[in-house]
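The structure under discussion appears below in the form of structure tokens.
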Amino acid sequence: MKLILLGPPGAGKGTQAARLVEKHGIPQLSTGDMLRAAVAAGTPVGIKAKAVMDAGGLVSDEIVIGIIADRINEADAKKGFILDGFPRTVAQAEALDIMLAEKHMKLRAVIELRVDQTKLVDRIVKRADEARAAGQPVRKDDDPEVFKTRLEAYNRDTAVVAPYYEKRGQLTVVDGMKPVDDVTAAIEKALA
Ligand code: AMP
């Protein structure tokens, strides 16, 4: 089962992806997590990506497409995966189409978590507070000002990705403002 989770930062993609991993035993491929790991490890990709990520911008299509191309070739991705945070531009969606076609892979679903953007800053402040309380590191880009830039990047470059799939009849919209369990149930219904 291969699926894509779409939605702005703070929509709950990571939370829902973790539940899908548990239920379906397929890996979550989060380009954000992979980029943060590259930054932490100081790899050439990490060095290139760090400043853009810290500022809330989008890392180049070339870099993230390369990361995903490598990742879906790994053994654990054979039976399926959840794409979280990718594709974020139409160029990335087109590149993904080519990669999947080459591997004779088909998407089961593309799910958009639709949320009220005016509520997202509050959510992100909560996410940072919870991380702090749990003694976990707080993401630099969860700072409210940087978060606003991430939201702008979403509305400028990523909001067009859902219509890209909608035109092909592949998109399911889920209300991401509902309680977490209700969102999970709606996603499972879309996958059934
Ligand atoms: P995320 O964890 O998905 O919110 O991603 C954190 C940051 O990583 C984003 O704000 C971008 O700077 C970068 N990033 C993650 N995925 C992508 C992508 N598909 N395209 C471009 N930049 C990305």
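When a ligand or atom number is given, it counts from 1 through the structure's own listing order. Each residue takes its place number in the sequence, starting with 1.
Across every non-hydrogen atom of I124 and G10, the tightest pair is CD1-CA, 3.9 Å.
Sorted by chain and number, the heavy-atom contacts of ligand 1 below 4.0 Å come from T31, G32, L35, R36, M53, G57, L58, V59, V64, G85, F86, R88, Q92, R139, D141, R150.
Partners of D141 by salt bridge (charged side-chain N to carboxylate O under 4.0 Å, His left out), not counting sequence neighbours, listed by chain and number: R139, R150. Remark: R123 engages no residue in a side chain to side chain donor-acceptor pair (under 3.5 Å) (not counting sequence neighbours). For E152, there are no salt bridge (charged side-chain N to carboxylate O under 4.0 Å, His left out) partners, not counting sequence neighbours.
One finds the OG1 atom of T31 at 5.5 Å from the CD1 atom of I68 (value rounded to the nearest 0.5 Å).
Within the 3.5 Å criterion, the main-chain N or O of D157 finds no donor-acceptor partner in the side chain of T89.
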